Amino acid sequence: MMGLIWSGIVTGALYALGALGLVLIFKSSKVLNFAFGNQAGLAAFIVYALVDSLHFSWGASVALAFVASIAVAGILCVAIYPIALKSELNAVIASLGCGLVLQGITVMLFGTSVVSLDLPIGQGVMHVAGFLITTYDVLVVGVAIALIAAIYLLIEKTRLGVVFRAVSTAAEASRISGISILQVHLGAWFGAALLGVIGALLIVPTTYLSPVTVPTFMLQAFVAAAIGGFESLVGAVLGGVTVGILMNLFNYYGSPEYTNTFLVFVVLAILTIFPGGFFSPRGFGRA
Amino acid sequence: VLKPDGRRTLIAAPQIIVCLALLAIPALFGNYLVYVAALVLTNAVAIISISFLLRYAGEVSIGHNLFMAVGAFSVAILRMHFSVPFPIDLVCAMGFSALIGLVVAFPSRQLSGIYLSVATLAVGLTVPEFASIVNNVFGGSQAVYVSLPRALGAPPIEVQYFVALLTFLLVVAAVRMFRRSRQGLALIVARDHGRAAESFGVSLRWCRLSAFTISAAIAGLAGGAFAYVTQSVASDSFTFWNAVYLLVGATIGLRSLSLTGSLAGSLFITVLPQIFAGSGALPPILFGTALYLCVLAGTHWKEITDNLLRLRRELRP
């Protein structure tokens with residue numbers, strides 16, 4: 001039981017990273033970015049190509065992938081910005097369009113091949129209190145906690161965070177106070193893109209890398225973000241961990257064949273009780 | 001925005017021409033083209049279901065692949081195991097998908113906007129599991145085959161085509177009549193002026209529920225017709241990306257519920273992948289670009305036309 005919950009937390013941490021990226025984007029620019037999974041998937045393929053074909057070092061490849069995904073995020077942010085100002089729903093459709101384009105570009109550059117991409121870490125295993133913990137698990141949870149803490153500190157304790165919160169709560173008023181809205185949006189999209197790349201690199205070792213694996217995994221992050229409420233960063237983390245643990249428990253006690261059906265019931269049940277997610281703006285709006 | 005009713009007759013001249021052209025297709029073209037045309041018709045029905053939801057509820061669904069799958073599997077199973085004859089199996093398919101639509105819509109009747117979109121996304125992801133449930137209950141492996149009705153000795157391709165055409169024309173006519181019905185007006189008032197609708201005694205939740213259920217029913221009908229056309233039903237035909245493609249078609253067709261609008265959107269999403277069958281990369285790029293440009297044009301129509309007018313004034317000597 002504890003082991004199940006632990007592995008649920010590991011998966012949940014990955015969902016939480018994805019959901020956190022989505023919420024960062026949503027809070028700043030009111031766009032539910034359906035291209036997010038494709039952005040992350042493209043970055044993972046870039047790392048793969050650099051490491052595997054061009055024999056770059058891991059650090060250099062990841063740094064280049066960061067640069068590339070920031071560039072892509074910048075383009076998407078500027079492309080969707082004018083639409084998002086007019087209508088939330090049209091921005092959703094536009095981001096789906098951008099996701100399709102990125103999907104096509106990924107296939108065009110890297111083909112539909114299925115490859116594997118492992119992290120440069122050992123296969124260590126520890127026994128703690130009667131259940132197994134791998135190095136991979138520790139890395140995932142450690143990275144997730146570090147990133148979540150960093151984002152929390154950034155938003156709550158720095159001037160940058162004040163600006164972000166200002167734009168998020170009252171865009172028009174912050175524009176009048178001399179804040180460049182587009183710059184804040186770009187910052188949020190860049191941050192989210194980095195989260196996406198890190199999330200993708202951590203996801204891929206558990207399965208394999210194809211043009212659809214990362215986007216498909218990220219679709220669950222949307223569900224996690226919805227459960228937590230798109231307005232809340234705390235909600236994103238909680239939603240991710242909730243989805244991770246519940247799906248893992250269901251896989252063990254229920255039947256793993258019907259995980260997605262189970263997830264639909266969970267989502268509909270939670271959203272019926274909390275129509276705006278756990279942390280709807282009326283309750284705990286801030287972080 | 002829908003035009004006022006007064007100027008519309010039930011059938012106008014362009015529609016008659018398109019109808020006649022559609023009727024003539026099997027006589028004019030070879031089997032492959034007739035097959036593609038039949039696919040265009042079924043996709044047009046599916047696009048109408050998405051446009052219907054966009055127009056009457058203002059909601060985006062990316063989970064309609066499930067309702068299509070329900071319709072398609074219903075037709076396949078009903079024909080194979082229960083020998084249900086032709087029009088009745090399609091009606092049943094519509095009923096089943098409406099029922100599933102109701103099951104999904106009832107708990108999400110308070111949701112709107114992005115929360116509903118994500119809920120439909122989760123719903124759409126269950127298609128492979130739905131297919132495996134069907135296969136477990138009725139036996140069978142991945143794909144279920146669909147037998148065609150023997151109609152007056154007509155060749156199979158014509159039966160496939162005319163089932164699709166009949167479904168399409170009936171759906172277009174029904175949606176057109178719905179626009180003038182009390183329920184249709186209620187949905188539009190509820191969408192545009194929620195408070196006013198409530199003060200007239202129209203329940204907003206009921207409106208959401210009915211719009212979603214009707215849309216699911218239309219998608220189920222599209223799935224049923226799809227089963228007739230392709231003659232084999234498998235969950236691969238109803239992925240998340242298929243649902244997104246339907247949204248592309250609906251947006252390209254300017255969310256139109258009409259004969260020509262839905263056909264235009266459907267032509268785009270059906271024919272392009274056939275042309276670029278060799279390349280998996282081009283259709284998504286073209287679809288995505290078209291989707292983005294349509295939305296951009298839709299939200300910034302006034303700015304674009306204003307700028308074009310200014311440009312013309314400046315260019316004129």
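None of these values were measured; they are calculated from a predicted model.
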Part of Ile62(B) within contact of chain A (heavy atom distance under 4.5 Å): side chain

Residue among Val107(A), Thr216(A), Ile80(A) with most heavy-atom pairs under 4.5 Å to chain B: Val107(A)

Residue Tyr245(B) versus chain A: region with a heavy atom under 4.5 Å: side chain

Residue, of Thr272(A), Asn260(A), Thr106(A), that accumulates the most heavy atom pairs under 4.5 Å with chain B: Asn260(A)

Candidate pair Tyr258(A) and Ser132(B), rule side-chain contact (heavy atoms from CB on, under 4.5 Å), full reasoning: CA-CA 9 Å; Tyr258(A) 301 119; Ser132(B) 85; 3.5 Å; yes

Which of Ile133(B), Ile114(B), Val248(B), Thr126(B) touches chain A most, by non-hydrogen pairs under 4.5 Å: Ile114(B)

Contact summary for Gly104(A) and Ala281(B), nearest pair of heavy atoms: O-CB, 3.4 Å

Chain B interface, residue from Thr259(A), Leu102(A), Leu263(A), Leu109(A) that has the most non-hydrogen pairs under 4.5 Å: Thr259(A)

Close side-chain approach of Phe240(B) and Pro215(A), heavy atoms under 4.5 Å: no

4.5 Å side-chain heavy-atom contact, Asn136(B) and Glu257(A): yes

For Ile70(A), all residues meeting side chain to side chain contact (heavy atoms under 4.5 Å, CB included), sequence neighbours excluded: Phe190(A), Leu194(A)

Residue, of Thr251(B), Val118(B), Leu286(B), that accumulates the most heavy atom pairs under 4.5 Å with chain A: Val118(B)

Interface moiety of Val244(B) toward chain A, non-hydrogen atoms closer than 4.5 Å: side chain

Among Ala225(A), Ala269(A), Gly111(A), Ala226(A), residue most engaged with chain B (heavy-atom pairs, under 4.5 Å): Ala226(A)

Members of residues 83-101 of chain A whose heavy atoms come closer than 4.5 Å to chain B: Ile83(A), Lys86(A), Glu88(A), Leu89(A), Asn90(A), Val92(A), Ile93(A), Ala94(A), Leu96(A), Gly97(A), Cys98(A), Leu100(A), Val101(A)

Closest-packed option against chain A by number of heavy-atom pairs under 4.5 Å, given Ala290(B), Pro284(B), Pro128(B): Pro284(B)

Chain A contact via Leu296(B) - which portion, at a heavy-atom distance below 4.5 Å: both

Side-chain (Tyr292(B)) to main-chain (Ala79(A)) donor-acceptor, under 3.5 angstrom: yes

Nearest heavy atoms of Trp241(B) and Gln103(A), plus distance in Å: CZ2-OE1, 4.0 Å

When Gly113(B), Ala122(B), Gly288(B), Cys294(B) are compared by non-hydrogen pairs under 4.5 Å with chain A, the top option: Gly288(B)

Non-hydrogen atoms of Phe230(A) and Tyr115(B) that approach each other most closely: N-OH, 2.8 Å

Region of Leu125(B) that comes under 4.5 Å of a non-hydrogen atom in chain A: both

Region of Leu291(B) in contact with chain A, defined by heavy-atom distances below 4.5 Å: side chain

Verdict with reasoning, Leu121(B) to Phe34(A), per side-chain contact (heavy atoms from CB on, under 4.5 Å): CA-CA 11 Å; Leu121(B) 160 74; Phe34(A) 272 102; 4.1 Å; yes

Which portion of Phe106(B) sits near chain A, non-hydrogen atoms under 4.5 angstrom: neither

